[in-house]
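Working notes, beginning with the structure itself.
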2 protein chains.
Amino acid sequence: MMSHKKEYLLLLDDHGIRPTANRILVAEALDRAGRPMSLMELEDRLLTLDKSSISRCLTLFKENHLVHALEDGSDAVRYELCHSRSHHEDDDQHVHFYCEKCHRTFCLHETPIPSIDLPDDYVALSVNYMVKGICAACKSKS
Amino acid sequence: MMSHKKEYLLLLDDHGIRPTANRILVAEALDRAGRPMSLMELEDRLLTLDKSSISRCLTLFKENHLVHALEDGSDAVRYELCHSRSHHEDDDQHVHFYCEKCHRTFCLHETPIPSIDLPDDYVALSVNYMVKGICAACKSKS
DNA sequence: GTTTTTCATGCAACTTGGTTGCAAAAGTTT
DNA sequence: AAACTTTTGCAACCAAGTTGCATGAAAAAC
(Lines give C-alpha, C1' and ligand atoms only; values in the text may rest on other atoms or scores of the structure.)
Protein backbone atom coordinates (compact mmCIF):
# COMPACT_ATOMS: atom_id res chain seq x y z
CA MET A 1 0.00 0.00 0.00
CA MET A 2 1.14 3.51 -0.74
CA SER A 3 0.95 6.28 1.72
CA HIS A 4 1.52 9.64 0.09
CA LYS A 5 -0.85 11.53 -2.16
CA LYS A 6 2.01 12.11 -4.53
CA GLU A 7 2.33 8.41 -5.23
CA TYR A 8 -1.30 8.18 -6.32
CA LEU A 9 -0.76 11.17 -8.51
CA LEU A 10 2.11 9.41 -10.22
CA LEU A 11 0.10 6.22 -10.48
CA LEU A 12 -2.69 8.05 -12.26
CA ASP A 13 -0.18 9.77 -14.51
CA ASP A 14 1.34 6.40 -15.38
CA HIS A 15 -2.02 5.31 -16.65
CA GLY A 16 -2.70 8.45 -18.61
CA ILE A 17 -5.34 9.70 -16.20
CA ARG A 18 -5.32 13.34 -15.31
CA PRO A 19 -4.88 13.42 -11.54
CA THR A 20 -7.67 15.52 -10.11
CA ALA A 21 -8.26 15.76 -6.40
CA ASN A 22 -11.27 13.43 -6.58
CA ARG A 23 -9.46 10.83 -8.59
CA ILE A 24 -6.60 10.75 -6.14
CA LEU A 25 -9.08 10.26 -3.33
CA VAL A 26 -10.76 7.38 -5.11
CA ALA A 27 -7.46 5.69 -5.94
CA GLU A 28 -6.32 6.12 -2.37
CA ALA A 29 -9.55 4.73 -0.94
CA LEU A 30 -9.33 1.71 -3.18
CA ASP A 31 -5.75 1.10 -2.22
CA ARG A 32 -6.24 1.58 1.50
CA ALA A 33 -9.21 -0.78 1.54
CA GLY A 34 -6.89 -3.56 0.47
CA ARG A 35 -9.70 -5.46 -1.17
CA PRO A 36 -12.02 -4.96 -4.13
CA MET A 37 -14.62 -2.34 -3.34
CA SER A 38 -18.07 -1.67 -4.69
CA LEU A 39 -19.33 1.76 -5.64
CA MET A 40 -21.50 1.76 -2.55
CA GLU A 41 -18.65 0.87 -0.24
CA LEU A 42 -16.61 3.69 -1.69
CA GLU A 43 -19.51 6.08 -1.27
CA ASP A 44 -19.49 5.27 2.43
CA ARG A 45 -15.83 6.12 2.71
CA LEU A 46 -15.81 9.19 0.53
CA LEU A 47 -18.64 11.22 1.98
CA THR A 48 -17.52 14.38 0.26
CA LEU A 49 -17.85 12.96 -3.24
CA ASP A 50 -21.04 12.40 -5.14
CA LYS A 51 -21.69 8.85 -6.22
CA SER A 52 -21.84 9.89 -9.84
CA SER A 53 -18.34 11.29 -9.53
CA ILE A 54 -17.06 8.09 -7.98
CA SER A 55 -18.81 6.11 -10.66
CA ARG A 56 -17.20 8.18 -13.37
CA CYS A 57 -13.80 7.76 -11.76
CA LEU A 58 -14.18 4.01 -11.69
CA THR A 59 -15.30 3.87 -15.30
CA LEU A 60 -12.33 5.96 -16.31
CA PHE A 61 -9.95 3.89 -14.23
CA LYS A 62 -11.26 0.76 -15.82
CA GLU A 63 -10.83 2.14 -19.33
CA ASN A 64 -7.26 2.98 -18.50
CA HIS A 65 -6.59 -0.35 -16.83
CA LEU A 66 -5.91 1.10 -13.43
CA VAL A 67 -8.63 -1.05 -11.91
CA HIS A 68 -10.35 -4.14 -13.01
CA ALA A 69 -13.93 -4.94 -12.28
CA LEU A 70 -15.16 -8.18 -10.88
CA GLU A 71 -18.55 -9.63 -10.21
CA ASP A 72 -18.67 -11.60 -7.04
CA GLY A 73 -22.31 -12.53 -6.81
CA SER A 74 -23.28 -9.78 -4.48
CA ASP A 75 -25.28 -7.48 -6.64
CA ALA A 76 -22.61 -4.91 -6.98
CA VAL A 77 -19.54 -4.86 -9.14
CA ARG A 78 -16.31 -4.45 -7.26
CA TYR A 79 -13.21 -2.68 -8.38
CA GLU A 80 -9.69 -3.72 -7.58
CA LEU A 81 -6.68 -1.51 -7.98
CA CYS A 82 -4.14 -3.04 -10.32
CA HIS A 83 -0.82 -2.99 -8.65
CA SER A 84 1.16 -3.42 -11.79
CA ARG A 85 2.78 -0.10 -12.51
CA SER A 86 2.34 -0.30 -16.23
CA HIS A 87 -0.97 0.05 -17.97
CA HIS A 88 -0.62 -3.23 -19.76
CA GLU A 89 -2.48 -6.42 -19.16
CA ASP A 90 -2.60 -7.77 -15.67
CA ASP A 91 0.33 -9.92 -14.74
CA ASP A 92 -1.34 -10.55 -11.47
CA GLN A 93 -4.38 -12.73 -12.12
CA HIS A 94 -5.44 -14.29 -8.88
CA VAL A 95 -8.42 -16.04 -7.41
CA HIS A 96 -11.02 -14.07 -5.49
CA PHE A 97 -13.05 -15.17 -2.52
CA TYR A 98 -16.45 -13.80 -1.65
CA CYS A 99 -17.63 -14.36 1.91
CA GLU A 100 -21.34 -15.01 2.06
CA LYS A 101 -21.43 -14.02 5.69
CA CYS A 102 -19.64 -10.68 5.83
CA HIS A 103 -20.15 -9.90 2.14
CA ARG A 104 -16.57 -8.91 1.62
CA THR A 105 -14.44 -9.95 -1.29
CA PHE A 106 -10.82 -10.90 -0.81
CA CYS A 107 -7.93 -11.26 -3.19
CA LEU A 108 -6.09 -14.50 -2.81
CA HIS A 109 -2.87 -13.01 -4.08
CA GLU A 110 -0.98 -16.23 -3.47
CA THR A 111 -3.39 -18.26 -5.56
CA PRO A 112 -2.95 -17.76 -9.30
CA ILE A 113 -5.81 -18.69 -11.61
CA PRO A 114 -5.12 -22.09 -13.15
CA SER A 115 -5.38 -21.83 -16.89
CA ILE A 116 -7.60 -23.90 -19.13
CA ASP A 117 -7.85 -24.77 -22.78
CA LEU A 118 -10.67 -23.06 -24.57
CA PRO A 119 -12.46 -24.68 -27.47
CA ASP A 120 -11.17 -23.65 -30.89
CA ASP A 121 -11.97 -20.15 -32.05
CA TYR A 122 -12.91 -18.82 -28.68
CA VAL A 123 -10.85 -15.77 -27.81
CA ALA A 124 -10.29 -15.09 -24.13
CA LEU A 125 -9.97 -11.49 -23.06
CA SER A 126 -10.25 -11.87 -19.33
CA VAL A 127 -10.72 -14.53 -16.74
CA ASN A 128 -12.44 -14.50 -13.39
CA TYR A 129 -12.10 -17.27 -10.81
CA MET A 130 -14.44 -16.64 -7.91
CA VAL A 131 -14.88 -18.85 -4.90
CA LYS A 132 -17.80 -18.24 -2.59
CA GLY A 133 -18.04 -19.47 0.93
CA ILE A 134 -17.08 -18.46 4.45
CA CYS A 135 -13.92 -16.55 5.12
CA ALA A 136 -11.46 -17.40 7.88
CA ALA A 137 -12.55 -14.52 10.09
CA CYS A 138 -16.24 -15.40 9.89
CA LYS A 139 -15.53 -19.07 10.39
CA SER A 140 -13.64 -18.49 13.63
CA LYS A 141 -16.39 -16.22 14.89
CA SER A 142 -19.07 -18.89 14.64
CA MET B 1 -32.32 -31.89 -23.71
CA MET B 2 -35.71 -33.28 -22.82
CA SER B 3 -38.66 -33.07 -25.10
CA HIS B 4 -41.87 -33.93 -23.32
CA LYS B 5 -43.72 -31.84 -20.78
CA LYS B 6 -44.01 -34.86 -18.59
CA GLU B 7 -40.27 -35.04 -18.13
CA TYR B 8 -40.15 -31.50 -16.82
CA LEU B 9 -42.96 -32.35 -14.48
CA LEU B 10 -40.94 -35.20 -13.08
CA LEU B 11 -37.84 -33.06 -12.88
CA LEU B 12 -39.69 -30.51 -10.78
CA ASP B 13 -41.11 -33.24 -8.62
CA ASP B 14 -37.64 -34.65 -8.07
CA HIS B 15 -36.63 -31.33 -6.65
CA GLY B 16 -39.67 -30.95 -4.45
CA ILE B 17 -41.21 -28.21 -6.57
CA ARG B 18 -44.90 -28.35 -7.21
CA PRO B 19 -45.19 -28.54 -10.99
CA THR B 20 -47.51 -25.78 -12.09
CA ALA B 21 -48.01 -24.97 -15.75
CA ASN B 22 -45.84 -21.87 -15.52
CA ARG B 23 -43.02 -23.66 -13.80
CA ILE B 24 -42.96 -26.34 -16.44
CA LEU B 25 -42.78 -23.65 -19.10
CA VAL B 26 -39.87 -21.94 -17.38
CA ALA B 27 -37.97 -25.19 -16.90
CA GLU B 28 -38.59 -26.09 -20.51
CA ALA B 29 -37.48 -22.71 -21.80
CA LEU B 30 -34.29 -22.91 -19.77
CA ASP B 31 -33.57 -26.38 -21.03
CA ARG B 32 -34.33 -25.64 -24.66
CA ALA B 33 -32.15 -22.55 -24.63
CA GLY B 34 -29.17 -24.76 -23.92
CA ARG B 35 -27.32 -21.97 -22.20
CA PRO B 36 -27.72 -19.92 -19.05
CA MET B 37 -30.51 -17.42 -19.46
CA SER B 38 -31.28 -14.13 -17.82
CA LEU B 39 -34.69 -13.12 -16.57
CA MET B 40 -34.99 -10.75 -19.49
CA GLU B 41 -34.11 -13.38 -22.06
CA LEU B 42 -36.73 -15.67 -20.59
CA GLU B 43 -39.29 -12.88 -20.68
CA ASP B 44 -38.73 -12.61 -24.42
CA ARG B 45 -39.41 -16.29 -24.89
CA LEU B 46 -42.35 -16.63 -22.54
CA LEU B 47 -44.60 -13.85 -23.67
CA THR B 48 -47.57 -15.24 -21.83
CA LEU B 49 -45.92 -15.06 -18.42
CA ASP B 50 -45.36 -11.98 -16.35
CA LYS B 51 -41.80 -11.24 -15.42
CA SER B 52 -42.64 -11.37 -11.75
CA SER B 53 -43.88 -14.90 -12.21
CA ILE B 54 -40.74 -15.90 -14.04
CA SER B 55 -38.65 -14.24 -11.37
CA ARG B 56 -40.48 -16.13 -8.65
CA CYS B 57 -39.98 -19.39 -10.51
CA LEU B 58 -36.28 -18.79 -10.78
CA THR B 59 -35.97 -17.94 -7.13
CA LEU B 60 -37.83 -21.08 -6.21
CA PHE B 61 -35.78 -23.19 -8.59
CA LYS B 62 -32.61 -21.82 -7.09
CA GLU B 63 -33.72 -22.56 -3.54
CA ASN B 64 -34.43 -26.11 -4.59
CA HIS B 65 -31.18 -26.50 -6.51
CA LEU B 66 -32.83 -27.00 -9.86
CA VAL B 67 -30.93 -24.08 -11.32
CA HIS B 68 -27.85 -22.28 -10.31
CA ALA B 69 -27.26 -18.63 -10.81
CA LEU B 70 -24.19 -17.14 -12.32
CA GLU B 71 -22.90 -13.64 -12.78
CA ASP B 72 -21.18 -13.17 -16.05
CA GLY B 73 -20.40 -9.50 -16.05
CA SER B 74 -23.35 -8.49 -18.09
CA ASP B 75 -25.57 -6.78 -15.65
CA ALA B 76 -28.03 -9.57 -15.37
CA VAL B 77 -27.83 -12.80 -13.48
CA ARG B 78 -28.21 -15.90 -15.59
CA TYR B 79 -29.76 -19.18 -14.59
CA GLU B 80 -28.60 -22.56 -15.73
CA LEU B 81 -30.63 -25.71 -15.41
CA CYS B 82 -28.82 -28.33 -13.37
CA HIS B 83 -28.83 -31.51 -15.32
CA SER B 84 -28.08 -33.72 -12.39
CA ARG B 85 -31.28 -35.52 -11.56
CA SER B 86 -30.82 -35.35 -7.85
CA HIS B 87 -31.16 -32.20 -5.86
CA HIS B 88 -27.72 -32.54 -4.41
CA GLU B 89 -24.65 -30.50 -5.13
CA ASP B 90 -23.57 -30.08 -8.69
CA ASP B 91 -21.39 -32.80 -10.03
CA ASP B 92 -21.06 -30.85 -13.19
CA GLN B 93 -18.95 -27.80 -12.50
CA HIS B 94 -17.75 -26.37 -15.74
CA VAL B 95 -16.25 -23.20 -17.08
CA HIS B 96 -18.50 -20.52 -18.56
CA PHE B 97 -17.76 -18.19 -21.39
CA TYR B 98 -19.34 -14.78 -21.85
CA CYS B 99 -19.16 -13.27 -25.30
CA GLU B 100 -18.67 -9.54 -25.17
CA LYS B 101 -20.01 -9.17 -28.67
CA CYS B 102 -23.28 -11.08 -28.70
CA HIS B 103 -23.72 -10.97 -24.93
CA ARG B 104 -24.51 -14.62 -24.65
CA THR B 105 -23.10 -16.96 -22.06
CA PHE B 106 -22.06 -20.46 -22.94
CA CYS B 107 -21.38 -23.53 -20.88
CA LEU B 108 -18.10 -25.18 -21.72
CA HIS B 109 -19.34 -28.57 -20.64
CA GLU B 110 -16.12 -30.22 -21.74
CA THR B 111 -14.01 -27.93 -19.60
CA PRO B 112 -14.12 -28.74 -15.90
CA ILE B 113 -13.09 -26.08 -13.44
CA PRO B 114 -9.53 -26.75 -12.30
CA SER B 115 -9.40 -26.87 -8.53
CA ILE B 116 -7.20 -24.78 -6.31
CA ASP B 117 -5.98 -24.84 -2.75
CA LEU B 118 -7.64 -22.28 -0.54
CA PRO B 119 -5.80 -20.70 2.36
CA ASP B 120 -6.45 -22.34 5.72
CA ASP B 121 -9.84 -21.81 7.29
CA TYR B 122 -11.54 -20.62 4.14
CA VAL B 123 -14.59 -22.75 3.38
CA ALA B 124 -15.60 -22.98 -0.27
CA LEU B 125 -19.29 -23.38 -1.01
CA SER B 126 -19.29 -22.73 -4.72
CA VAL B 127 -16.89 -21.88 -7.50
CA ASN B 128 -17.30 -19.86 -10.64
CA TYR B 129 -14.81 -19.82 -13.49
CA MET B 130 -15.82 -17.24 -16.06
CA VAL B 131 -13.94 -16.42 -19.21
CA LYS B 132 -14.88 -13.33 -21.17
CA GLY B 133 -14.01 -12.72 -24.76
CA ILE B 134 -15.31 -13.38 -28.24
CA CYS B 135 -17.15 -16.57 -29.05
CA ALA B 136 -16.47 -18.70 -32.10
CA ALA B 137 -19.60 -17.55 -33.93
CA CYS B 138 -18.83 -13.86 -33.47
CA LYS B 139 -15.20 -14.35 -34.35
CA SER B 140 -16.03 -15.95 -37.69
CA LYS B 141 -18.53 -13.22 -38.46
CA SER B 142 -15.96 -10.43 -38.19
C1' DG C 1 -2.21 37.31 -17.51
C1' DT C 2 -6.48 37.38 -19.25
C1' DT C 3 -9.53 35.14 -22.50
C1' DT C 4 -11.06 30.91 -24.61
C1' DT C 5 -11.76 26.32 -24.62
C1' DT C 6 -11.75 21.96 -22.61
C1' DC C 7 -12.55 18.99 -18.84
C1' DA C 8 -14.54 17.54 -14.24
C1' DT C 9 -18.11 17.80 -10.81
C1' DG C 10 -22.59 17.84 -8.22
C1' DC C 11 -27.23 17.52 -8.41
C1' DA C 12 -31.45 15.67 -9.91
C1' DA C 13 -33.70 12.96 -13.04
C1' DC C 14 -33.69 8.79 -15.35
C1' DT C 15 -32.79 3.75 -16.62
C1' DT C 16 -32.48 -0.95 -15.73
C1' DG C 17 -33.01 -5.29 -13.53
C1' DG C 18 -35.49 -7.15 -10.34
C1' DT C 19 -38.90 -7.59 -6.16
C1' DT C 20 -43.22 -6.91 -3.45
C1' DG C 21 -48.22 -5.93 -2.00
C1' DC C 22 -52.33 -7.22 -3.08
C1' DA C 23 -56.46 -9.00 -5.07
C1' DA C 24 -58.09 -12.43 -8.27
C1' DA C 25 -57.54 -17.17 -9.99
C1' DA C 26 -56.21 -21.89 -9.52
C1' DG C 27 -55.49 -25.80 -6.95
C1' DT C 28 -56.05 -28.72 -2.33
C1' DT C 29 -58.19 -30.48 1.60
C1' DT C 30 -61.98 -31.60 4.27
C1' DA D 1 -69.17 -27.89 -2.35
C1' DA D 2 -66.97 -24.91 1.45
C1' DA D 3 -62.82 -23.51 3.51
C1' DC D 4 -58.21 -22.99 2.98
C1' DT D 5 -53.63 -22.61 0.71
C1' DT D 6 -50.83 -21.52 -3.09
C1' DT D 7 -49.84 -19.24 -7.41
C1' DT D 8 -50.31 -15.59 -10.62
C1' DG D 9 -50.67 -10.97 -12.94
C1' DC D 10 -50.59 -6.36 -12.44
C1' DA D 11 -48.88 -2.18 -10.80
C1' DA D 12 -46.15 -0.01 -7.73
C1' DC D 13 -41.91 -0.01 -5.78
C1' DC D 14 -36.70 -0.39 -4.92
C1' DA D 15 -31.72 -0.25 -5.45
C1' DA D 16 -27.65 0.26 -8.13
C1' DG D 17 -25.85 2.76 -11.29
C1' DT D 18 -25.83 6.26 -15.32
C1' DT D 19 -26.83 10.59 -17.77
C1' DG D 20 -28.18 15.60 -18.95
C1' DC D 21 -27.11 19.73 -17.75
C1' DA D 22 -25.50 23.89 -15.59
C1' DT D 23 -21.61 25.33 -12.79
C1' DG D 24 -16.81 25.37 -11.52
C1' DA D 25 -11.87 24.26 -12.19
C1' DA D 26 -8.00 23.56 -15.05
C1' DA D 27 -5.29 23.93 -19.37
C1' DA D 28 -4.36 26.06 -23.71
C1' DA D 29 -4.36 29.97 -26.63
C1' DC D 30 -3.64 34.40 -27.30
Side-chain angles (χ1 to χ4, degrees), chain A residues 5 8-9 11-13 15-30 36-64 66-80 98 103-105, chain B residues 5 8-9 12-13 15-30 33 36-64 66-80 98 103-105:
Chain A
K5 297 268 178 195
Y8 297 107
L9 191 154
L11 183 65
L12 294 177
D13 258 346
H15 289 260
I17 299 165
R18 189 164 2 170
T20 68
N22 278 357
R23 289 171 186 169
I24 291 171
L25 282 172
V26 173
E28 188 181 4
L30 267 175
M37 299 290 276
S38 68
L39 175 56
M40 220 178 48
E41 288 173 328
L42 288 171
E43 254 180 280
D44 290 341
R45 299 188 176 208
L46 295 166
L47 286 323
T48 60
L49 309 212
D50 188 74
K51 75 174 167 174
S52 67
S53 303
I54 302 175
S55 171
R56 284 190 266 234
C57 279
L58 293 171
T59 305
L60 181 69
F61 288 3
K62 191 166 60 172
E63 284 165 6
N64 292 58
L66 175 58
V67 299
H68 54 266
L70 51 107
E71 295 82 31
D72 56 16
S74 71
D75 35 16
V77 180
R78 287 175 205 247
Y79 298 87
E80 176 181 15
Y98 174 73
H103 305 288
R104 288 182 300 175
T105 296
Chain B
K5 298 267 178 194
Y8 297 106
L9 192 154
L12 294 178
D13 257 346
H15 289 259
I17 299 165
R18 189 163 5 171
T20 68
N22 280 357
R23 289 171 186 170
I24 291 171
L25 283 172
V26 173
E28 188 180 5
L30 267 175
M37 299 291 276
S38 67
L39 175 56
M40 220 176 48
E41 288 173 325
L42 289 171
E43 254 181 280
D44 291 342
R45 296 184 179 213
L46 296 166
L47 287 322
T48 62
L49 308 213
D50 187 74
K51 76 173 167 172
S52 67
S53 302
I54 302 174
S55 170
R56 284 191 267 233
C57 280
L58 293 171
T59 305
L60 181 69
F61 287 4
K62 191 166 58 171
E63 284 165 6
N64 291 60
L66 175 58
V67 300
H68 55 265
L70 50 108
E71 295 80 32
D72 55 15
S74 71
D75 35 17
V77 179
R78 287 175 206 247
Y79 298 87
E80 177 181 13
Y98 175 73
H103 306 287
R104 288 183 300 175
T105 297

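Reckoned from all heavy atoms, side chains included, excluding hydrogens, waters and symmetry mates. Note on naming: letters A, B, ... go to the chains in the order of the sequence lines (proteins, then strands), and numbering restarts at 1 for each one.
- No side-chain donor-acceptor contact under 3.5 Å links Asn64(B) to the backbone of Leu66(B).
- Scored by the side chain to side chain contact (heavy atoms under 4.5 Å, CB included) test, Ala21(B) finds no partners at all (sequence neighbours excluded).
- When the side-chain hydrogen bond (donor to acceptor under 3.5 Å, both in side chains) test is applied to Asp50(A), the partners found at least two apart in sequence or on another chain are Ser52(A).
- Note: CG (Asn64(A)) to P (dC7(C)) measures 14 Å, nearest angstrom.
- Taking atom CE on Met40(A) and atom P on dT18(D), their separation rounds to 14 Å, with Å as the unit.
- Annotation: proximity of residues 48-58 of chain A to DNA chain D (heavy atom, distance under 4.0 Å) is found for Lys51(A), Ser52(A), Ser55(A), Arg56(A), numbered in ascending order.
- Phosphate contact (OP1/OP2 of dG9(D), side-chain N/O of Asn22(B), threshold under 4.0 Å): present.
- Between its opening and closing five pairs, the helix from dG1(C)-dC30(D) to dT30(C)-dA1(D) changes axis direction by 20°, a value rounded to 10 degrees.
- Remark: Ser38(B) is not in phosphate contact with dG17(C), judged by side-chain N or O atoms under 4.0 Å from OP1 or OP2.
- Rounded to a whole Å, the CG atom of Leu47(B) is 15 Å from the C1' atom of dG9(D).
- If you measure from atom CG of Leu39(B) to atom P of dT20(C), you get 13 Å, rounded to the nearest angstrom.
- Side-chain contact check for Leu58(B) versus Val77(B): every heavy-atom pair is 4.5 Å or farther apart.
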Problem set entry | Thr105(A) vs Asp72(A), side chain to side chain donor-acceptor pair (under 3.5 Å): CA-CA, chis, key distance, verdict | CA-CA 7 Å; Thr105(A) 296; Asp72(A) 56 16; 2.5 Å; yes

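- Near-neighbour residues of DNA chain C inside residues 69-76 of chain B, defined by a heavy atom below 4.0 Å, number-ordered: Asp75(B), Ala76(B).
- Atom CG in Asp44(B) sits about 14 Å away from atom P in dT16(C), given to the nearest Å.
- Put simply, CZ on Arg23(A) is 16 Å from P on dA25(D), counting in whole angstrom units.
- Remark: side-chain polar atoms of Thr59(A) are paired, donor with acceptor, to backbone N or O of Ser55(A) under 3.5 angstrom.
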Exercise. Should Glu41(B) and Arg78(B) be marked as a salt bridge (charged side-chain N to carboxylate O under 4.0 Å, His left out) after you check the CA-CA gap, both sets of side-chain angles, and the distance that decides it?
Worked result: CA-CA 9 Å; Glu41(B) 288 173 325; Arg78(B) 287 175 206 247; 3.0 Å; yes

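- Per the geometry, CG belonging to Leu9(B) stands 13 Å off P belonging to dG27(C), to the nearest Å.
- Across the protein-nucleic acid pair, Leu25(A) atom CG and dT9(C) atom C1' stand 13 Å apart, rounded to whole Å.
- Partners of Tyr98(B) under the side-chain hydrogen bond (donor to acceptor under 3.5 Å, both in side chains) rule, at least two apart in sequence or in another chain, are His103(B).
- The residue among Arg18(B) and Tyr79(B) whose nearest nucleotide of DNA chain C lies closer to the 5′ end is Tyr79(B).
- Leu30(A) contributes atom CG, which lies 10.0 Å from atom OH of Tyr79(A) (distance to the nearest 0.5 angstrom).
- Arg23(B) places no side-chain N or O within 3.5 Å of a backbone atom of Cys57(B) that could act as its donor or acceptor partner.
- One finds the OH atom of Tyr8(A) at 5.0 Å from the CD atom of Glu28(A) (value rounded to the nearest 0.5 Å).
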